[in-house]
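Shown next, in structure tokens, is the structure this report addresses.
All of these numbers come straight from a predicted model, not from anything done at the bench. For this chain, numbers begin at 1 and follow the sequence in order.
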Amino acid sequence: MPENAIDPIHQFNVERIFNLHPFGYDASFTNASLLMVIILGLASLLMIYGTSRRSLVPGRLQSAAEMTYEFVADTVRGTAGQDGMRFMPLVFSLFMFVFFANVLGLLPFSYTVTSQIVVTFALAALVIAVVIIYGIAKHGAGFLHLFAPSGVSPLILPFIILIEVISFVARPISLSVRLFANMLAGHITLKVFGGFIVLLLGGGVATALLAPLPFIGIVILTAFELLVAVLQAYVFAILTCVYLNDAIHPGH
């Protein structure tokens, strides 16, 4: 590919910042690692500094921290009930991570961590692992009622169990691919429209007059991507609550 060609996939490359090989394993610090550290720092700064003063009349940072917490708490209570609040730290952490990862990925020269399927699948696998471990620890063999709904005829019960098992196994796949695909597709589209602007501006006066059209498209797409970034964080959180509710109340 020519050096000046526009490659919309290049923005997703994982690049090493410095190499680390402890005990022969590749644990190099990459641009993805850097962004995850920044995400952790920003989320911690928002919640720690925003709630440190506890003013009766909250400032902007305190209001943002309190509103974020209450939003996630209402989501947990509305989906998994009051018993689901024991998982509030997990759901809140996942929401904050996905939210900051999606939003920071929209900044120029940044990196979208959630555009990597290995990251989103790791988050989804964590959720399903918690569901399985808690469900078995809390209910024992009763957790298997999740796959065998009550009131179903014995004739069709094997088919229902098979469907429920397949649905459960597909959960981490759908949860991770949904987030990954939305971030990947949106950023590729933005890069393609940006490439149109560069090509039109470099093609002479006649084509330069058309450059505002893809520029307007980028503005609209950026606003849409910001909405998608926030929405995907919410979707990831609420689906996590739905799956955790199955571990808390495995019976149908």
task: With rounding to the nearest 0.5 Å, note down the distance linking CG in L175 to CG in L126.
output: 10.5 Å
field: side-chain hydrogen bond (donor to acceptor under 3.5 Å, both in side chains) partners of residues 89-103, not counting sequence neighbours, each pair once
entry: N102-T114
field: Check: F12 main-chain N/O paired with H187 side-chain donor or acceptor under 3.5 Å
entry: no
Nearest-0.5 Å distance, CD1 of residue I128 to CG of residue L123: 12.0 Å
message: Looking at every heavy atom in both I173 and S176, which two are closest together, and how far apart are they?
response: O-OG, 3.0 Å
- prompt: For N13, which residues count as a side chain to side chain donor-acceptor pair (under 3.5 Å) partner, sequence neighbours excluded?
  reply: H10
message: Between M67 and L46, is there shared hydrophobic-cluster membership here, with clusters defined by ILVMFWY side-chain heavy atoms closer than 4.5 Å?
response: no
- prompt: Mind checking whether I163 and L157 sit in one hydrophobic cluster, side chains of I, L, V, M, F, W, Y counted as touching below 4.5 Å?
  reply: no
field: Partner residues of L162 under the side-chain contact (heavy atoms from CB on, under 4.5 Å) criterion, sequence neighbours left out
entry: I166
task: Check the hydrophobic clustering (I, L, V, M, F, W, Y; side-chain heavy atoms under 4.5 Å; chains of links allowed) and say if I133 and F143 are grouped together.
output: no
- prompt: How long is the gap from CG on L146 to CD1 on I161, to the nearest 0.5 Å?
  reply: 11.0 Å
query: Are the side chain of H139 and the backbone N or O of L144 linked by a donor-acceptor pair below 3.5 Å?
result: no
message: If you compare all heavy atoms of A124 against all heavy atoms of P172, which two are closest, and at what distance to 0.1 Å?
response: CB-O, 3.4 Å
message: Holding to side-chain contact (heavy atoms from CB on, under 4.5 Å), I want the full list of residues that pass it with Y25, two or more places apart in sequence or in another chain.
response: F23
- prompt: Taking only residues at least two apart or on different chains, which pairs with a member in residues 168-183 satisfy salt bridge (Lys or Arg N to Asp or Glu O under 4.0 Å)?
  reply: R171-D246
- prompt: When hydrophobic residues are tied together by side-chain contacts of less than 4.5 Å, even through go-betweens, does V131 share a cluster with V169?
  reply: yes
query: Any idea which heavy atoms bring V91 and C241 closest together, and the distance?
result: CG1-SG, 3.8 Å
message: For F168, is the CZ atom crowded, meaning more than 12 foreign heavy atoms sit under 6.0 Å from it?
response: yes
Nearest non-hydrogen partners of F95 and A233, listed with the distance: CD1-O, 3.5 Å
query: If two hydrophobic side chains count as joined below 4.5 Å and joins carry through other members, does F18 share a cluster with V37?
result: yes
task: Using side chain to side chain donor-acceptor pair (under 3.5 Å) as the criterion, list what pairs up with T120, not counting sequence neighbours.
output: none
field: Qualifying residues under side chain to side chain donor-acceptor pair (under 3.5 Å), relative to S33, sequence neighbours excluded
entry: T30
task: Go through the structure and list residues passing side-chain contact (heavy atoms from CB on, under 4.5 Å) with P89, not counting sequence neighbours.
output: none
query: So L40 and M36, side chain to side chain contact (heavy atoms under 4.5 Å, CB included) or not? Walk me through it.
result: CA-CA 6 Å; L40 176 61; M36 284 190 276; over 6 Å; no
- prompt: Among all residues two or more places apart in sequence or in another chain, which pass the side-chain contact (heavy atoms from CB on, under 4.5 Å) test with S110?
  reply: L35, L104, L107
- request: Might you point out which heavy atoms bring A32 and Y111 nearest each other, and give the distance in Å?
  value: CB-CE2, 3.7 Å
- line: For N182, the side chain to side chain donor-acceptor pair (under 3.5 Å) test, sequence neighbours excluded, returns none
field: Enclosure of F29 CZ (heavy-atom neighbours >12, cutoff 6.0 Å)
entry: yes
message: Does V119 form a side chain to side chain contact (heavy atoms under 4.5 Å, CB included) with F97? I'd like the steps, not just the answer.
response: CA-CA 11 Å; V119 174; F97 179 86; 4.2 Å; yes
query: Any side-chain hydrogen bond (donor to acceptor under 3.5 Å, both in side chains) pairs touching residues 220-241, not counting sequence neighbours?
result: none
message: Would you compute the distance between atom OG of S63 and atom CD of E70 and round it to the nearest 0.5 angstrom?
response: 12.0 Å
When the side chains of residues 72-88 are checked against the rest of the protein, which donor-acceptor pairs come out under 3.5 Å, sequence neighbours left out?
unit_1, atom_1, unit_2, atom_2, d
D74, OD1, R77, NH2, 2.9
T75, OG1, F71, O, 2.9
T79, OG1, T75, O, 2.8
R86, NE, D83, O, 3.1
R86, NH1, Y134, OH, 2.6

- request: Taking all heavy atoms of M47 and all of A65, pick out the closest pair and write down the distance.
  value: CE-O, 3.8 Å
- request: Side-chain contact test, heavy atoms from C-beta onward, threshold under 4.5 Å: evaluate it for F99 versus T68 and give yes or no.
  value: no
- request: Any chance you could measure F109, atom CZ, to N31, atom CG, to the nearest 0.5 Å?
  value: 14.5 Å
